[in-house]
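Notes for the one structure printed next.
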Amino acid sequence: MEKLLSTRLRDQSLPESYILPPEKRPNNIAAKCKTIPVIDLGQVGKDREALVEEIMKASKEFGFFQVINHGVSEKIIKDMMDVGIEFFDMPVEDKMVVYSEDPKQACRLFSSINYDNEETHFWRDTLRHPVHPVENFKHLWPSKPSNYREVTETYSIMVRSLGLRLLELIVEGLGLGSGYFQDELSRVQLLAINHYPPCPDPSLTLGLPKHSDPNLITVLLQGDIAGLQVLNEGEWISVEPIPSAFIINLGHILQIISNRSLKSAEHRVVTNSSLTRTTITTFIYPSMDSTIQPAEELVTETNPAKYRAFKYPEFLQLYLALTADTDDILNAFMI
Ligand SMILES: O=C(O)CCC(=O)C(=O)O
Ligand SMILES: [Fe+2]
């Protein structure tokens, strides 16, 4: 438990084990002039074609966008954020119930990424567990705060529906058959509550290092404190907090299925010295027995498959072994 940042006394200086080598520190200043697109999903009933086009453009250029008027209620967004903040504020003994150092545990609270096997630790604690289908996993979730299970259930169902709606719009944009992602490619859903406490020296460490997500699509609630940065054309772009918006980012698997017409963008999290930042991440994943490959409809003589077919666990294993280095991971599956 002493590994968890949220149970330690506030550090006066950054412990040595969190100090990154100079080339990995967040020392390049984020570009101020660029922002990722903000897409109004309210226009879906009015001009669906224009909406699909906007999503495709953002997915090709950035692999990231924010959505507003997305249909998830302000109330459930606030309740989820509040319960996430409350969870990390609880006394040690309440959090200990779900703390685990075993990566195979389905529901677990842990710190950094792979604490016992990493060179440098990252300035983050996280609670992570499966949420779909709810009835299979609800009993594993924390029972405190007292409304945790109820709020998480409603939130996860609503965010799933948003994620699947977005995937359907992407299917239209790619020209695939309706429902392409609705079955085994989106069967798994994980929720992660990230907690980044104030950091004694944000210039020397990161909340999360540069990575792309290993799944299909991610729906992130950033709250009102900045910290997420996206790599675009060699520049780090800060994702501006918009109250109640969701940040959408495409994972490696969508890049592969789209035969690289869509992009899984690299991102990282910087820390700050004064505020605790809490974010709620929903990851939509393929099932473990899925076969992943570029969609047949997108492979032609002039545009041959750029990746070979593989079983999803093979990919995940490599992702963990290569500590998420994007080029190395994708190169391993390229034809
Ligand atoms: O907390 C954030 O802003 C981003 C989290 C993230 O990138 C992740 O959990 O993969
Ligand atoms: Fe991520």
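Order of appearance sets the numbers: ligands from 1, and atoms from 1 within every ligand.
- Side-chain contact annotation: Glu118 with Ser112, donor-acceptor N/O pair under 3.5 Å present.
- Note on the Fe ion (ligand 2): protein N/O/S atoms under 2.8 Å are His211 NE2, Asp213 OD1, His267 NE2.
- With hydrogens and angles left out, the side-chain atoms of Glu86 and Tyr148 include no donor and acceptor closer than 3.5 Å.
- Taking every heavy atom of both residues into account, Ile36 and Gln66 meet most closely at CD1-CG, 3.7 Å.
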Name each N or O atom in ligand 1 that is under 3.5 Å from a protein N or O, and give the partner atom and the distance.
{"residue": "ligand 1", "atom": "1 (O)", "partner": "Tyr196", "partner atom": "OH", "Å": "2.7"}
{"residue": "ligand 1", "atom": "1 (O)", "partner": "Thr279", "partner atom": "OG1", "Å": "2.8"}
{"residue": "ligand 1", "atom": "3 (O)", "partner": "Arg277", "partner atom": "NH1", "Å": "3.3"}
{"residue": "ligand 1", "atom": "3 (O)", "partner": "Arg277", "partner atom": "NH2", "Å": "2.9"}
{"residue": "ligand 1", "atom": "7 (O)", "partner": "His211", "partner atom": "NE2", "Å": "3.3"}
{"residue": "ligand 1", "atom": "7 (O)", "partner": "His267", "partner atom": "NE2", "Å": "3.1"}
{"residue": "ligand 1", "atom": "10 (O)", "partner": "His211", "partner atom": "NE2", "Å": "3.1"}
{"residue": "ligand 1", "atom": "10 (O)", "partner": "Asp213", "partner atom": "OD1", "Å": "3.2"}

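- Looking only at atom types and distance, the side chain of Gln43 has a donor-acceptor partner in the side chain of Glu54 under 3.5 Å away.
- Contact check for Ile253 versus Ile257: side-chain heavy atoms found under the 4.5 Å cut-off.
- Just one of Tyr312, Tyr319, Phe310 meets the ring pair (Phe, Tyr, Trp, His ring centres under 6.0 Å) condition when paired with Phe333; it is Phe310.
- Judged by distance alone, the side chain of Glu101 and the main-chain N or O of Tyr115 form no donor-acceptor pair under 3.5 Å.
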* Could you walk me through whether Lys95 and Thr7 pass side chain to side chain donor-acceptor pair (under 3.5 Å), step by step? => CA-CA 9 Å; Lys95 285 189 289 204; Thr7 58; 5.8 Å; no

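- The two atoms that bring Pro294 and Lys306 nearest to each other are CG-N, 4.4 Å, heavy atoms only.
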